[in-house]
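So the structure is just underneath, and the comments pick up after that.
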There are 2 protein chains.
Amino acid sequence: MGVDREEIRLRMSRFEEVLRRAGVKRTHQRMEIFREVARTGEHPDAQTVFRRVARRIPSISLDTVYRTLRLFQDLGLITALGTNHERIRFDANMNDHHHFVCTRCGKTLDFHSREFDELSVPEEVRDFGRVERNHVELRGVCAKCLIKEAKE
Amino acid sequence: MGVDREEIRLRMSRFEEVLRRAGVKRTHQRMEIFREVARTGEHPDAQTVFRRVARRIPSISLDTVYRTLRLFQDLGLITALGTNHERIRFDANMNDHHHFVCTRCGKTLDFHSREFDELSVPEEVRDFGRVERNHVELRGVCAKCLIKEAKE
DNA sequence: GTTTATGCAAAACCTTTGCATTTTG
DNA sequence: CAAAATGCAAAGGTTTTGCATAAAC
């Protein structure tokens, strides 16, 4: 679950570089919050990051963690798992299928692909547990948003 | 976006069958809520389902919609998009990678696969818009949960 | 007639925001 | 020192829960 030392070092230096380039201040809180996310492969939630960082900076507040994680996303330093900042959405299509997701507007379209249904499980993953199904998410910009984009 | 007539019919009959087998009551609200999700490919959220069903059953309440959608998930009649009922979680791994997700405990593990990175985009999807990246989610039961499962 | 589901209202929860104070460059 | 970030407290929004009433089997 831990990330290897060299990779952490890499992430930290990229982090400092990105902050500098963005002209964003390099605060104690930001350092610790990033380090906390960078050094784990656990994909922690905001509460967990808060709890862990609070051991080093007891005065930190939860909203700073939220604001900071959001900032890091905007700077392309981290990503959020799951469909980001959206409500839960429901699907009655219980056949195997995959999704195309528009990163601009969030629209999600179903498609079918025998090839995708039948992907073979990588060796490495067999050790993780039992794989029961797979789902491919293709991300991009939908036709409607491409038009809007062209007009700008 | 609409689902074809025959497919809707199929979903409705499966729905009735599942309710019967589960010994769960076939109420007016449940019928309309399921029909609403079954007949669209839009992946509506709870609010949207509520708004649409309310046109047919003005007295319906939002919490019934939530409770009912949750019930349908438990019965395997619908699925929720994104990481279901969880908080937003963060990842500092910005290299191309994919996820193994445990459907029991929600644990998410990263893995790398050149083969998955390079999947070709199906013909059908080209019309949806511009695909920029892809992400494969392998779902199953992690090693730890497999052990728990064996003990039960 | 019992059992189960609904509607209402209120709570719980996660996340965001306004503002005075503190910190950074 | 000016500009930006933090902490606090409060608000916003979604989702869940307890309980009396109503509906299904």
TODO: May I ask you to list the residues of residues 52-64 of chain A, by number, that have any heavy atom positioned under 4.0 Å from an atom of DNA chain C?
DONE: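 Contacts with DNA chain C under 4.0 Å: A:L62, A:D63.
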Task: Contact residues, residues 19-41 of chain B to DNA chain C [heavy atom, < 4.0 Å] - done: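 Close to the strand are B:V24, B:K25, B:T27, B:Q29, B:R30.
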Between side-chain atoms of residues 139-150 of chain B and protein atoms elsewhere (two or more places apart, or another chain), which donor-acceptor pairs fall under 3.5 Å?
residue: B:R139; atom: NE; partner: B:E137; partner atom: OE2; Å: 2.9
residue: B:R139; atom: NH2; partner: B:E137; partner atom: OE2; Å: 3.2
residue: B:E149; atom: OE2; partner: B:R104; partner atom: NH2; Å: 2.1

Task: Sequence-distant partners of B:R21, side-chain contact (heavy atoms from CB on, under 4.5 Å), two or more places apart - done: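 Once residues adjacent in sequence are excluded, the partners of B:R21 under the side-chain contact (heavy atoms from CB on, under 4.5 Å) criterion are B:E17.
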- [ ] Using the test side-chain contact (heavy atoms from CB on, under 4.5 Å), find all partners of A:T68 that sit at least two apart in sequence or belong to another chain.
- [x]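 Expected list: A:R30, A:I33, A:T64, A:F72.
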Euclidean distance, atom [atom1] of residue [X] to atom [atom2] of [N] [Å, nearest integer]:
| X | N | atom1 | atom2 | value |
| --- | --- | --- | --- | --- |
| B:R70 | D:dT14 | CZ | P | 17 Å |
| A:F50 | D:dG7 | CZ | P | 9 Å |
| B:L71 | D:dT16 | CG | P | 13 Å |
| B:R89 | C:dC14 | CZ | C1' | 15 Å |
| A:D45 | C:dC13 | CG | P | 14 Å |
| A:L69 | C:dT16 | CG | C1' | 13 Å |
| B:R67 | D:dT14 | CZ | C1' | 15 Å |
| A:Q47 | C:dT16 | CD | P | 13 Å |

Sequence neighbours left out, what passes side-chain hydrogen bond (donor to acceptor under 3.5 Å, both in side chains) with [X]? Give chain and number order.
| X | value |
| --- | --- |
| A:E123 | A:R126 |
| A:E124 | none |
| B:T103 | none |
| B:E7 | B:R11 |

Open item on the list: Could you check whether any side-chain N or O of A:H135 sits under 3.5 Å from a backbone N or O of A:H97, counting only pairs where one atom can act as donor and the other as acceptor?
Closed with: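 Pair found, side chain donor or acceptor close to backbone of A:H97.
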TODO: Determine which pairs satisfy ring-ring contact (aromatic ring centres under 6.0 Å, His included) with at least one residue from residues 41-61 of chain A, sequence neighbours left out, and list them in order.
DONE: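 Residue pairs passing ring-ring contact (aromatic ring centres under 6.0 Å, His included), neighbours aside: A:H43-B:H99.
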- [ ] Go through the steps to decide whether A:R89 and A:T108 satisfy the test side chain to side chain contact (heavy atoms under 4.5 Å, CB included), and finish with yes or no.
- [x] CA-CA 10 Å; A:R89 292 158 66 216; A:T108 300; 3.5 Å; yes
TODO: Please state whether the phosphate of D:dT16, meaning OP1 or OP2, lies under 4.0 angstrom from any side-chain nitrogen or oxygen of B:Y66.
DONE: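 The answer is no; no side-chain N or O of B:Y66 sits under 4.0 Å from OP1 or OP2.
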- [ ] List for me each residue that meets salt bridge (Lys or Arg N to Asp or Glu O under 4.0 Å) alongside B:E32, sequence neighbours excluded, and say none if there are none.
- [x]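 Once residues adjacent in sequence are excluded, the partners of B:E32 under the salt bridge (Lys or Arg N to Asp or Glu O under 4.0 Å) criterion are B:R35, B:R56.
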Task: Axial bend angle, the helix from C:dG1-D:dC25 to C:dG25-D:dC1: five-pair end segments, nearest 10° - done: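 Result, rounded to 10 degrees: 40°.
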